[in-house]
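Take a look at the structure set out below.
Basis for what follows: all heavy atoms, side chains included, without hydrogens, waters or symmetry-related copies. All of these numbers come straight from a predicted model, not from anything done at the bench.
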Amino acid sequence: MIADSDALVRSTRSNGTACASRKQRVVIVGGGFGGLYTARHLEKELKRRDDFEIVLINRENYFVFQPMLAEIISGTIGLLDVVSPIRHIVPKTELHVREVEAIDVENHTITTSTGFHPHPHVLDWDHLVLAVGTVTDFRGMRGLPEHAFPFKNLADAIKLRNHIIRALEEAAIERHDADLRRSLLTFVVAGGGFSGVEVAAEVNDFVRHVAKSVHGIEQDEIRVTLIHGKDRILQEVDEQLALFAQRLLARRGVEIRLNARLAAATGNEAILDDGTRLWTKTLVSTVPASVNPLIESLPLPKAKNGRLTVDRSMAVEGATNVWALGDCALVPAADHGFAPPTAQHASRQASVVAANIVASIRGGPKRVFAFEGLGILGALGRHSAIAEILGVKISGFAAWFLWRTIYLMKIPRWARRLKVAVSWMLDLFLAPDLVQLRLDTGVGVTREHFEPDEEVFHQGDVGDRLYIIVRGSVEVWQETAGAASRVAVLGPGEYFGETALLEERMRNATLRCVEPTDVLSLPKQEFSVLTASLPDLRQSFEEKSHERSPRPRPADSFAR
């Protein structure tokens with residue numbers, strides 16, 4: 001009966017035709033500046049009338065104020081100060097906290113991921129608003145999906161902050177391995193746009209301030225490097241302001257590498273396109289920003305960069321009642337160019353989309369997008385910023401004060417503004433908080449990437465995980481009486497490291513990569529649970545360990 005009822009509802013909404021006796025449904029995908037502000041403007045247009053309903057689909061139930069996300073790293077503001085509950089901002093909007101699985105443009109339906117019960121969830125729409133933004137896409141870049149930290153959302157910021165604190169704690173007690181200590185105290189940020197510069201500035205301020213209170217770390221050991229592929233950072237702003245930012249960051253200890261690009265990464269190194277290798281355990285990449293896979297899957301017209309093509313009314317070309325805005329759309333500007341993907345443009349585009357949807361439902365003239373931008377603001381950490389407002393260039397403390405004032409007033413809801421203002425005030429007098437939130441209880445299977453001649457582990461290391469080769473090959477080297485010899489070469493589909501886990505012994509061989517190699521890595525705890533639950537699997541590992549070992553003792557297997 002439920003399925004029949006759902007089918008009946010879908011049939012009444014098929015092909016986007018609206019029955020006069022029912023409300024039209026506006027479905028918004030994405031809860032960023034574009035999607036949330038579209039819902040806000042639609043709620044204002046709705047007022048006391050009841051001729052349409054608003055549905056917002058977002059993977060989280062909160063809105064992230066993106067311009068302040070970098071301050072999470074240093075703890076300048078609280079972890080939750082940059083987020084606001086969506087239900088409080090748009091109380092008349094029905095919120096679906098789901099992932100979007102598929103959109104049927106022809107039949108006007110959208111399918112979302114399952115909840116607690118795995119039944120399909122299909123939603124019909126009369127007007128569809130796409131505001132899904134972009135994603136950080138590391139596809140095709142060696143080792144970046146496995147080892148680089150993206151910086152797009154709140155989870156990314158919290159994960160990076162926890163990792164930095166862990167790196168500092170580990171460095172403080174590392175006395176024997178100079179390379180490891182150097183990599184722990186080196187922080188690399190790739191991308192010299194606003195996001196990358198703000199991240200580099202906050203990381204630099206944070207680690208240098210923390211080092212003053214952590215015994216065993218000297219200031220001259222800390223290295224923060226910003227990598228950018230152009231001849232200057234912040235290509236979006238006037239050259240004078242960009243050069244001011246470069247000089248300020250350099251004076252504060254940030255090493256800036258221009259005309260350099262990130263080519264590959266491992267768990268220990270960032271590798272540049274000129275072959276330079278930077279020892280680091282912390283690599284943050286704010287590039288490349290790529291079109292959301294959901295947009296790629298839609299049979300709608302797109303520009304060369306993959307963004308949806310829309311007209312100045314924000315309607316997607318060649319589609320019925322489909323609208324797009326923000327980073328996922330190529331929006332024509334009044335000067336015959338295209339609108340930049342910024343928050344101030346997305347929020348203005350939202351008002352145009354909302355007004356035109358209402359005009360489509362109720363009748364009336366449609367609006368066109370004509371906003372040209374008010375200016376640009378960018379934080380540089382520690383009471384400094386750059387700004388260009390209506391052609392006026394400002395830098396230093398005055399720009400920082402302006403940056404904070406403007407963005408404080410743009411945060412949704414006064415309650416959140418008050419919390420942020422208090423956090424900023426306390427930050428002037430109190431030291432950064434060093435609490436590391438260990439929220440993950442287990443990491444499970446992860447992917448790792450290694451470059452040629454890089455060691456996966458060294459003879460004498462603690463056996464802490466099992467490795468399965470996905471691509472590439474590794475050599476097995478054993479050292480006996482001071483002489484090292486190669487005893488085996490392993491390739492795709494083979495595994496190594498099992499004996500050290502089975503026998504709880506140290507590694508008695510060194511594993512070194514012959515070529516770029518991708519592996520699956522299973523930590524010791526998960527390996528123990530798996531083999532304890534599946535006796536046949538454990539027996540298989542033990543037999544393989546005996547087979548590989550030329551000596552009677554299984555502990556002597558090279559594959560520990």
(request) Give, for atom CG of Asp205 and atom CD1 of Ile73, the distance between the pair rounded to the nearest 0.5 Å. (result) 10.5 Å
Please tabulate, for the side chains in residues 376-405, all donor-acceptor contacts under 3.5 angstrom to protein atoms that are two or more places apart in sequence or on a different chain.
residue, atom, partner, partner atom, Å
Ser384, OG, Arg252, NH2, 2.9
Arg404, NH2, Glu71, OE1, 3.4
Thr405, OG1, Phe401, O, 2.8

(request) Output yes when a side-chain donor or acceptor of His228 lies under 3.5 Å from a complementary backbone atom of Gly192, and no otherwise. (result) yes
(request) State the OH-CG distance between Tyr37 and Leu325, to the nearest 0.5 angstrom. (result) 13.0 Å
(message) salt bridge (charged side-chain N to carboxylate O under 4.0 Å, His left out), that's the test. Do Glu255 and Arg257 meet it? Break it down for me.
(response) CA-CA 7 Å; Glu255 176 189 351; Arg257 287 178 172 260; 3.1 Å; yes
(request) Taking all non-hydrogen atoms of both residues into account, name the closest pair between Arg416 and Ile411 and its distance. (result) CG-CG2, 3.6 Å
(request) Would you tell me whether Asp81 and Ser423 have side-chain atoms, one donor and one acceptor, within less than 3.5 Å of each other? (result) yes
(message) Under a 3.5 Å cutoff, is there a donor and acceptor pairing between the side chains of Asn204 and Arg208?
(response) yes
(message) When you compare the side chains of His41 and Ser351, does any donor N or O come within less than 3.5 Å of an acceptor on the partner?
(response) no
(request) Taking the side chain as every heavy atom from C-beta outward, state whether Ile233 and Leu249 have any atom pair closer than 4.5 Å. (result) yes
(request) Kindly indicate, with the supporting measurements, whether the criterion side-chain contact (heavy atoms from CB on, under 4.5 Å) is fulfilled by Leu374 and Arg348. (result) CA-CA 11 Å; Leu374 299 175; Arg348 268 75 175 190; 3.5 Å; yes
(request) Assess whether atom CD of Glu296 is packed by more than 12 heavy atoms of other residues, nucleotides or ligands within 6.0 Å. (result) yes
(request) Check the surroundings of atom CZ in Arg59: do more than 12 heavy atoms from other residues, nucleotides or ligands lie under 6.0 Å from it? (result) no
(message) For the CZ atom of Arg307 and the CG atom of Asp327, what is their distance to the nearest 0.5 Å?
(response) 6.5 Å
(message) Parallel, tilted or perpendicular: which one describes the rings of Phe63 and Phe33, with boundaries at 30° and 60°?
(response) perpendicular
(message) Keeping Asn58 on the side-chain end and Val97 on the backbone end, is there a donor-acceptor pair under 3.5 Å?
(response) no
(request) Please round to the nearest 0.5 Å and tell me the distance separating atom CG of Leu283 and atom OG1 of Thr225. (result) 10.5 Å
(message) I want to check something: taking the side chain as every heavy atom from C-beta on, are Ile103 and Leu128 in contact at a cut-off of under 4.5 Å?
(response) yes
(request) Look up atom NE2 in His127 and atom CD1 in Ile361, then write down how far apart they are to the nearest 0.5 Å. (result) 4.5 Å
(message) Determine whether a donor-acceptor pair (N or O, by modelled atom type, separation under 3.5 Å) exists between the side chain of Arg312 and the backbone of Phe369.
(response) yes
(message) Check whether Arg232 reaches the backbone of Leu234 with its side chain - one donor and one acceptor, N or O, closer than 3.5 Å.
(response) yes
(request) Write down the atom of Gly30, the atom of Leu56, and the distance for their closest heavy-atom approach. (result) O-CD1, 3.2 Å
(message) Quiz question: by atom type and distance under 3.5 Å, do the side chains of Glu202 and Ser74 form a donor-acceptor pair?
(response) yes
(request) Answer whether the closest heavy-atom distance between the side chains of Phe187 and Leu160 falls below 4.5 Å. (result) no
(request) Only counting residues at least two apart or in another chain, list the ones meeting side chain to side chain contact (heavy atoms under 4.5 Å, CB included) with Ala421. (result) Leu408
(request) Quickly, which of Gln24, Lys23, Arg25 forms a side-chain hydrogen bond (donor to acceptor under 3.5 Å, both in side chains) with Glu53? Name it, please. (result) Arg25
(request) Taking Arg447 for its side chain and Glu146 for its backbone only, find out whether a donor-acceptor pair lies under 3.5 Å. (result) no
(request) Provide the closest heavy-atom pair for Pro150 versus Asp156 in the form atom of the first, atom of the second, distance. (result) O-CB, 3.4 Å
(request) Please check if the side chain of Glu174 supplies one atom and the backbone of Arg181 the other of a donor-acceptor pair under 3.5 Å. (result) no
(request) Return yes if some donor-acceptor pair links the side-chain N/O of Ser285 with the main-chain N/O of Leu144 below 3.5 Å, else return no. (result) no
(message) Is the shortest side-chain heavy-atom distance between Val284 and Val188 below 4.5 Å?
(response) no
(request) Return yes if some donor-acceptor pair links the side-chain N/O of Ser213 with the main-chain N/O of Val210 below 3.5 Å, else return no. (result) yes
(message) Looking at every non-hydrogen atom in both residues, tell me the closest pair between Val310 and Ala329 and how far apart they are.
(response) CG1-CB, 4.2 Å
(message) Any heavy-atom pair between the side chains of Ile217 and Leu168 that's under 4.5 Å?
(response) yes
(request) Check step by step if side-chain contact (heavy atoms from CB on, under 4.5 Å) holds for Thr112 and Glu101. (result) CA-CA 5 Å; Thr112 61; Glu101 299 288 346; 5.6 Å; no
(request) Report yes if some heavy atom in the side chain of Met314 is under 4.5 Å from a heavy atom in the side chain of Thr38; otherwise report no. (result) no
(message) Under a plain distance cut-off of 3.5 Å, with no hydrogens placed, do Thr93 and Glu43 share a side-chain donor-acceptor pair?
(response) yes
(request) For residues Val132 and Ile295, determine if any side-chain heavy atom of one lies less than 4.5 Å from a side-chain heavy atom of the other. (result) yes
(request) Report the C-alpha distance between Trp323 and Ile357 in whole Å, list the side-chain angles of each, state the deciding distance to 0.1 Å, and finish with yes or no for side-chain contact (heavy atoms from CB on, under 4.5 Å). (result) CA-CA 9 Å; Trp323 315 80; Ile357 289 175; 3.6 Å; yes
(request) Give a yes or no on whether the backbone of Gly364 and the side-chain of Lys366 come within a donor-acceptor separation of less than 3.5 Å. (result) no
(message) When you compare the side chains of Thr282 and His163, does any donor N or O come within less than 3.5 Å of an acceptor on the partner?
(response) yes
(request) Hey, could you give me the CG/CG distance between Leu308 and Leu330, rounded to the nearest 0.5 Å? (result) 9.5 Å
(message) What I'd like to find out is whether the side chain of Phe65 reaches to under 4.5 Å of the side chain of Lys410, using heavy atoms alone.
(response) yes
(message) Minimum heavy-atom separation for Ala303 and Thr309, please, with both atom names.
(response) N-CG2, 3.5 Å
(message) Applying side-chain contact (heavy atoms from CB on, under 4.5 Å) to Trp125 and Val322, what does each step give before you reach the verdict?
(response) CA-CA 10 Å; Trp125 51 268; Val322 180; 3.8 Å; yes
(request) Tell me yes or no: between the side chains of Lys152 and Ser195, is some donor less than 3.5 Å from an acceptor? (result) no
(request) Would you confirm whether Gln344, through its side chain, and Gly375, through its main-chain N or O, come within 3.5 Å as a donor-acceptor pair? (result) yes
(message) Quick check: closest heavy atoms across Ile222 and Val207, and the distance to 0.1 Å?
(response) CD1-O, 3.6 Å
